[in-house]
Amino acid sequence: MTKVLFVNPLVREEDVPRHVPYGIALLAAIAMRDGHLVQVYDANAWRLGEGALREVLGADDWDVVALGGITTAYGSIKHIVRIAREVCPKTTIVLGGGVLTSLPREMMGWLPEVDVGVIGEAFKTFPEILDRLGAGDRAWPAVKGTISRGPGGKLAMSPARELLHDLDSLPFPAWELFPLEEVYFPNSQVLFSEEGMLATRRLDINASYGCSLICRFCYHLGIAGDMRYVEGKDGELNVEFDRPGAYTRVIRYHSPEYVVKLARHAYDRFKINFIGFLDENLMTMDQSSNRVWMREICRLWKENGLQPSYLRDGSERTESWTGIHWSGTSHATLCTPEILKEMRSAGCSHLVYGYESFSPQVLKRLGKGSTPKTNIRSFFWTLEAGIRPIPNQIIGFPSEDFDSIRDSMGAWERLGIVVKPFFATPYPGSEWFAVYRESIEEQHGGDLEKFVLELGDATKITAVISHNFNAVELLGLRELMLMKDRVRIDEYERVWRASRKIPAGHPSTLYRDPSALAVVGG
Amino acid sequence: MSKLLKGNFEPKKPVNAPAPTPETLEGRFEREAMKRLGGSIAYVSKKKVMWDLKKKD
């Protein structure tokens, strides 16, 4: 029996905490199922600072302090592991999640306090670590999917851990170990739809893992079959993700029965009225299942009494209802009008679409499998189904140019889209990161950790990958796009062309296909 | 009083959340002001949008 303290690090500090960390909630449930002693400290929810953290770490003799999170939690994780090592010198510190998986060797170098890193999915690896610790065994290289420190501090990567295919064997997330009433339920609101705005008790569910698409900006960090173990020129094992022409994918999803049973459990136990599906792309799963999966979830949603009451009764939408509204992520090319209508009838209120751009050349190079036409088609299908489409946009693509900016502005105007675009960001684990790594490091004085510390939710520029525009230009152009100021954009294009010696009439671009360039570290 | 630690056993030393301190006017002002600077946004503003796929987009 192992005594484990999970610590959820801070993330998106500019906003209130909104999401129970799903991965930690699942791992805590697995650890309890396996008979271990578990406590959770949700530092992101409480946000109480170092004093509280020290008190928590000193509250017991922990065998394990376990942390995980996405890459943008790195700054908080760095702080927590330093304090943890100080307060609990003999405790084994385990780090997992996307933050470790994206750059395992770098992370273990930057965080000397971490004893074991879990690379990729932790559903099998983490319980094995706990079991071995309980038996007094610390031979980490024998545990698949880990990185640990050998003699002299040399890092040792064990063989890759296989993915869990029977997802329904997972217990339900241990939501009860998080401050739902104190923190999460008061922050339930999601301002993407009227129903989301009225949500007062929201939880999130991850019904599937992976995505079939190869968007250059996206990253899956091992849970989508996208990770490969490769031996570098130095003979050392490392992980590799998407690279130009090298993509691997594994699609996995829970059964509709599991998904709806979990939703019903959340409804009965926590009295929720909204669920956010965290899935990367619900429509990938629907397509992979020959259009059975989503339809079956909707059918069972209704059969189990989870459909919002006014939809069931065919009455007007009011501000109070029984049942659960829900939201998720869709895809322009993979959705169908039929499934969208089914989803609405089961309570779907809004769907996030990564439309990204309305420029044909940008979308063609993105690997998303969408076009301006499919973007627009899905937009109307979704509206017609009674669901709000959330039309996310990005600026600063490698091939972004003045024409692509105008293409997007034109579509926003015609479709009534109000949007402040994200900045194209090369997150570790994405193809863009692999392609532009050298440039990213250069932009941070050769210090990759500085870049990782700066990473946020892509609302700020952390590294420029546009071939045509620098950070100042991108910030200015985004502002002019928001103000619909075509005149000043035209004016600036003339200045830009003159400085780049590109005459009028020629394409306004310096873009060269990066797949023709050598990939750093390849 | 809320427990900072939640789990399946009682830790040796219980750790409770401190009583929430009322927000200062300055703190509230800065929080509200930050919202005006904030992040990304995406929504559809038109009630009625005409759909003509034949048009060049």
Side-chain angles (χ1 to χ4, degrees), chain A residues 3-6 14-15 28 31-32 36-42 46 48 52 55-56 58-61 174 176-179 181-182 191-193 350 352-353 355 358 372-373 375-377 379-380 383-384 388-393 407 410-411 414-422 457-459, chain B:
Chain A
K3 198 181 280 183
V4 52
L5 169 67
F6 287 94
E14 68 281 5
D15 194 9
M32 290 194 292
H36 299 292
L37 297 174
V38 172
Q39 292 287 336
V40 173
Y41 173 54
D42 191 339
W46 291 109
L48 292 170
E55 217 181 317
V56 161
D60 213 316
D61 303 319
E176 67 279 10
L177 303 190
F178 295 83
E181 302 293 345
E182 302 94 328
L191 279 176
F192 288 128
S193 59
H350 60 266
V352 175
Y353 284 89
Y355 288 146
F358 285 91
K373 191 172 175 175
N375 277 0
I376 294 166
R377 190 181 68 182
F379 177 89
F380 283 102
L383 281 176
E384 282 167 7
R388 272 191 178 268
I390 307 305
N392 278 345
Q393 294 280 277
D407 285 342
R414 286 192 297 282
L415 302 175
I417 291 175
V418 177
V419 62
K420 186 175 182 183
F422 292 104
D457 63 0
T459 52
Chain B
M1 190 176 285
S2 297
K3 288 180 176 175
L4 280 192
L5 282 170
K6 292 178 191 271
N8 62 351
F9 73 104
E10 279 301 316
K12 287 178 182 166
K13 297 177 205 161
V15 189
N16 292 318
T21 44
E23 193 175 24
T24 62
L25 195 58
E26 183 187 0
R28 188 177 145 205
F29 163 73
E30 288 182 4
R31 188 168 47 81
E32 292 297 325
M34 273 305 288
K35 287 183 188 169
R36 300 291 298 271
L37 292 173
S40 68
I41 191 164
Y43 68 96
V44 184
S45 68
K46 288 186 183 173
K47 281 263 181 238
K48 203 90 180 156
V49 194
M50 299 307 290
W51 182 15
D52 182 3
L53 262 185
K54 286 177 196 143
K55 276 172 70 176
K56 188 184 169 293
D57 284 297

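Each chain gets a letter, A, B and so on, in the order its sequence line appears, and its residues count up from 1. These numbers come from the heavy atoms of this one structure, side chains and all, not from hydrogens, waters or symmetry mates.
Note on A/Pro391, A/Ala174, A/Ala458, A/Ala59: by heavy-atom pairs under 4.5 Å with chain B, the leading option is A/Ala59. Counting heavy-atom pairs under 4.5 Å between each of A/Val38, A/Leu5, A/Asn392, A/Val352 and chain B puts A/Val38 at the top. Chain B forms more heavy-atom pairs under 4.5 Å with one residue of A/Asp61, A/Ile390, A/Val40 than with any other, namely A/Val40.
Summarising the geometry of A/Tyr41 relative to B/Leu4, their closest heavy-atom pair is CD1-O, 3.7 Å, with the distance given to 0.1 Å. Contact between A/Glu176 and B/Lys6 at its shortest, heavy atoms only, is O-CD, 3.8 Å. Nearest heavy atoms, A/Leu48 versus B/Pro18: CD1-CD, 3.7 Å. Across every non-hydrogen atom of B/Ala42 and A/Val419, the tightest pair is CB-CG2, 3.8 Å.
Using a 4.5 Å cut-off between heavy atoms, A/Leu191 makes no contact with chain B at all. Neither the backbone nor the side chain of A/His350 comes within less than 4.5 Å of any heavy atom in chain B. The part of A/Glu182 that comes within reach of chain B is its side chain, from C-beta onward, which places non-hydrogen atoms under 4.5 angstrom from that chain. Using a 4.5 Å cut-off between heavy atoms, A/Pro389 contacts chain B through both its backbone and its side chain.
B/Val44 is listed as a side-chain neighbour of A/Phe379, based on a closest heavy-atom distance under 4.5 Å. Proximity of B/Phe9 to A/Gln39: side-chain heavy atoms (C-beta onward) are separated by under 4.5 Å at one or more points. Residues A/Val56 and B/Leu5 meet the side-chain proximity criterion, which asks for heavy atoms closer than 4.5 Å.
The main-chain N or O of A/Leu37 is never found under 3.5 Å from a side-chain atom of B/Asn8 such that the two would form a donor-acceptor pair.
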